[in-house]
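Worth saying up front: this structure is predicted, and the values here are computed from it rather than measured. Quick note on labels: first sequence line is chain A, next is B, and so on, each numbered from 1.
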Protein chains: 2
Amino acid sequence: MSNQAVIQHLESFIPLKGSEKALFGDRFVTRPVKRREKILVAGEVCKYYTFVVEGCFRMFGVDDKGFEHNIQFAAEKDWIADIGSFHTQKPSQLNIEALEAGLVLQIKQQDLYFLYKNIPKLNMIFKVLIELKYIELQNRVLQNFSSTAEQRYLSFLEQYPHLFNRLPNTQIASYLGITPEFLSKVRKNIQSNR
Amino acid sequence: MSNQAVIQHLESFIPLKGSEKALFGDRFVTRPVKRREKILVAGEVCKYYTFVVEGCFRMFGVDDKGFEHNIQFAAEKDWIADIGSFHTQKPSQLNIEALEAGLVLQIKQQDLYFLYKNIPKLNMIFKVLIELKYIELQNRVLQNFSSTAEQRYLSFLEQYPHLFNRLPNTQIASYLGITPEFLSKVRKNIQSNR
DNA sequence: CTCTACCCTTAACCTAGATTAAGAAATCAT
DNA sequence: ATGATTTCTTAATCTAGGTTAAGGGTAGAG
C-alpha cells in the first residue's frame with residue numbers, strides 16, 4: 001500500500017501498533033511529480049504536508065526584484081511543507097518545486113489532525129522531526145552571520161553530500177544566499193588553493 | 001506555587017486536568033537571575049529548558065574572531081534553550097544571557113521527558129510552540145536573503161514592538177547581522193527620510 | 001539527433017555594509 | 001552623587017559579494 005514508505009519512516013522513531021497503522025487508511029495520497037512541477041504555488045494555501053518518497057524538491061520565496069531564494073531542500077525520506085500556511089490555511093508566500101521527477105505522499109490538514117488525535121505518539125514524532133529541522137535552521141542563521149560564502153559552501157558540501165552532486169550550482173548558490181556568478185568565483189578559488 | 005506561571009501559559013493552548021497539573025510537582029525550579037548572568041555558557045551542556053517569567057534574554061554564538069551573534073531573544077512567557085544540546089546532552093556552542101535582572105522557571109531533561117510521557121498532550125503543545133518558532137526562523141532566513149539592513153530593521157521594529165525599546169541597539173544590530181555602527185547609519189537615514 | 005533551454009564561467013565595474021578610530025551621551029554600581 | 005563602564009554616533013577608508021554582459025557547455029524534450 002502507498003502508505004508503506006511513510007509508516008516505515010515513522011517507525012524508525014517509535015514502533016506503531018497494527019491498529020494504529022490501520023488508521024492511516026488512505027489518508028496519505030500518492031502523487032507522482034514531474035521535473036519542474038510545483039506542488040505549492042505562492043498565493044495558494046499549502047494544503048498538504050508532503051513526504052518525499054523519491055526525487056528532490058526545493059522550497060523558495062521570491063523577493064520584490066523577482067529573485068528566488070531557496071530556504072530548504074528535501075530529498076528521499078524528508079518532509080516538506082510551508083508549516084505556517086498549512087496550519088493557518090492562509091495563502092503561502094512560498095513555492096515548492098520538484099528539481100527532478102519523483103514521487104510523494106501527501107496528507108491534508110484534516111487528515112493529519114485526525115491522526116494526531118487518534119495516535120497521540122505522532123505528536124511526539126512530529127515534534128522531534130521539527131526540532132531537528134529547527135536546529136538545522138538555527139545553525140544556518142548563525143553560519144550566515146559568522147562565515148564567508150566560501151566557508152558556507154564548504155560546509156554545505158560536508159553537511160549535504162547526498163545533495164550537492166545532485167543539485168545545479170545555481171540552486172546551491174540560492175540556498176547559500178549568493179549569486180551563481182559569485183559561487184563560480186568561490187569554486188575557482190577553492191580549486192586553486194589546493 | 002512557582003509552577004503557576006508555566007501551567008497558566010500551557011493552558012492557554014489546551015486546558016490541563018487537576019491530576020495532570022499535580023504531576024508538575026516541583027519539576028520546574030524557580031531561579032532569579034541577575035543582569036548579565038549567563039544561564040547557559042558555551043562548552044557546557046544545556047541542562048534546562050527555560051521559561052521566562054520576567055526579564056529579557058538573548059541566545060548567542062561567538063565566531064572565530066570573537067564576535068557575538070544573537071540568534072534569539074526571549075522575554076516574558078517565552079521559552080529559551082539550545083534544543084540540540086538539551087536533547088543530546090552534548091556541549092552547546094551557544095550562550096544564554098540575561099539582558100535584565102529577571103526570574104525564570106527551569107526544567108531538566110529527565111523531568112520534561114517524564115511530563116511528556118505522563119501528559120501526552122504536552123507533546124502537542126510543545127510541537128506547536130516549536131512550530132511557531134520554526135516559522136519565525138524561516139521568515140528570518142528569507143528576510144536576511146532578500147532585504148536590506150534598513151528593511152530588516154524596520155520590520156524588526158514592527159514585529160517586536162515590546163522588545164525594541166527594551167534592548168540596546170547594539171543587541172538589535174547583532175540580531176540583524178550588522179554592526180552597531182552601520183545600524184546607527186541606518187537609523188540616521190530613516191530619520192532624515194521622514 | 002538536434003535544438004532549445006538552461007547552466008557555468010570570466011571579467012570589469014559597483015555598492016552595501018565592515019572596519020577603525022575617536023568623541024559624546026547615557027546608564028550602572030557603589 | 002559619581003566615577004566607570006556601556007552605548008551611540010560620525011566619518012574616512014576598505015572589501016565581500018553584487019551586477020552586467022557575454023561566450024561556451026550541457027542536458028532534456030521531442
Side-chain angles (χ1 to χ4, degrees), chain A residues 32-38 55-56 58 60 63-70 97-102 143-157 163-193, chain B residues 33-38 55-56 58 60 63-70 97-102 143-154 156-157 163-193:
Chain A
V33 284
K34 293 184 200 141
R35 187 167 183 266
R36 290 289 152 96
E37 187 177 339
K38 280 183 186 162
C56 187
R58 68 180 179 124
F60 66 96
D63 67 26
D64 4 278
K65 290 180 200 148
F67 289 109
E68 299 179 353
H69 302 278
N70 289 343
E97 186 190 74
L99 294 166
E100 311 167 353
Q143 247 210 350
N144 283 341
F145 283 165
S146 57
S147 315
T148 64
E150 178 168 328
Q151 291 172 313
R152 278 181 278 143
Y153 175 64
L154 290 171
S155 50
F156 180 86
L157 298 189
L163 282 181
F164 88 87
N165 48 10
R166 198 170 165 182
L167 297 170
N169 282 328
T170 164
Q171 295 303 334
I172 296 176
S174 168
Y175 180 88
L176 297 176
I178 60 178
T179 58
E181 292 85 354
F182 190 64
L183 177 54
S184 192
K185 211 190 241 176
V186 164
R187 283 159 50 81
K188 191 185 175 187
N189 234 310
I190 293 170
Q191 215 62 12
S192 61
N193 288 351
Chain B
V33 283
K34 293 185 199 140
R35 187 166 183 268
R36 294 287 154 98
E37 186 177 341
K38 281 183 186 162
C56 187
R58 67 179 181 128
F60 65 97
D63 68 26
D64 4 278
K65 290 181 202 149
F67 289 109
E68 299 179 354
H69 303 277
N70 290 342
E97 185 190 76
L99 293 167
E100 310 166 354
Q143 248 209 351
N144 283 342
F145 283 164
S146 56
S147 315
T148 63
E150 178 169 330
Q151 291 173 314
R152 278 181 279 143
Y153 176 64
L154 289 171
F156 180 86
L157 298 189
L163 283 182
F164 87 86
N165 49 11
R166 198 168 165 182
L167 297 170
N169 282 327
T170 165
Q171 294 303 334
I172 296 176
S174 167
Y175 180 88
L176 296 176
I178 60 178
T179 57
E181 292 85 353
F182 190 62
L183 178 54
S184 193
K185 213 191 238 175
V186 164
R187 282 158 52 80
K188 191 186 175 188
N189 234 310
I190 292 170
Q191 213 63 13
S192 61
N193 288 350

* Between the first and last five pairs of the helix from dC8(C)-dG23(D) to dT30(C)-dA1(D), the angle of the axes, rounded to 10 degrees -> 60°

* To do: Can you sort out the partners of R58(B) under salt bridge (Lys or Arg N to Asp or Glu O under 4.0 Å), two or more places apart, ordered by chain and number?
  => E68(B), E97(B)

* To do: State the CZ-OG1 distance between F67(A) and T179(A), to the nearest 0.5 angstrom.
  => 9.0 Å

* Shortest non-hydrogen contact from A98(B) toward K34(B) -> CB-O, 3.5 Å

* Structure fact -> With F145(A) as partner, the option from I178(B), L176(B), D63(B), N144(B) fulfilling side chain to side chain contact (heavy atoms under 4.5 Å, CB included) is N144(B)

* To do: Could you check whether T170(B) gets within reach of a base, just the sugar-phosphate, or nothing at all, counting any heavy atom under 4.0 Å?
  => sugar-phosphate

* salt bridge (Lys or Arg N to Asp or Glu O under 4.0 Å) contacts touching residues 174-187 of chain B (sequence neighbours left out) -> none

* Structure fact -> So the contacted stretch of DNA chain C, first to last nucleotide with an atom under 4.0 Å from a non-hydrogen atom of chain B, runs from dG17(C) to dC28(C)

* Structure fact -> One should read off an interatomic distance between L99(A) CG and L163(A) CG, to the nearest 0.5 angstrom, of 9.5 Å

* Asked: Any side-chain heavy atom of L167(B) sitting closer than 4.5 Å to one from F156(B)?
  -> yes

* Asked: Any donor-acceptor pair under 3.5 Å linking the side chain of T170(B) with the backbone of P180(B)?
  -> no

* Does P32(A) have any side chain to side chain contact (heavy atoms under 4.5 Å, CB included) partners at least two apart in sequence or in another chain, and if so, which? -> L103(A)

* Asked: Within the pair N169(B) and dC8(D), is there a side-chain N or O less than 4.0 Å away from OP1 or OP2?
  -> yes

* To do: Check the distance between dT10(D)'s P and E181(B)'s CD and give it to me in whole angstrom.
  => 12 Å

Can you check nucleotides 16-18 of chain D for protein contacts, nitrogen or oxygen pairs under 3.5 Å, and list what you find?
residue : atom : partner : partner atom : Å
dG17(D) : OP1  : A149(A) : N            : 3.2
dG18(D) : OP1  : G177(A) : O            : 3.4
dG18(D) : OP2  : T179(A) : N            : 3.3
dG18(D) : OP2  : T179(A) : OG1          : 3.4
dG18(D) : O6   : K185(A) : NZ           : 3.4

* Asked: Is any side-chain nitrogen or oxygen of R187(B) closer than 4.0 Å to OP1 or OP2 of dT9(D)?
  -> yes

* Separation of atom CZ in R166(B) from atom C1' in dT7(D), rounded to whole Å -> 19 Å

* Between K34(A) (NZ) and dG28(D) (C1'), how many Å, whole number? -> 15 Å

* **Whole-Å gap separating C1' (dA27(D)) and CD (E100(A))** => 14 Å

* **Residue pair Q151(A), L154(A): steps toward the side chain to side chain contact (heavy atoms under 4.5 Å, CB included) verdict** => CA-CA 5 Å; Q151(A) 291 172 313; L154(A) 290 171; 5.8 Å; no

* Any donor and acceptor pair, going by atom type alone, linking the side chain of S174(B) with main-chain N or O of N70(B) inside 3.5 Å? -> yes

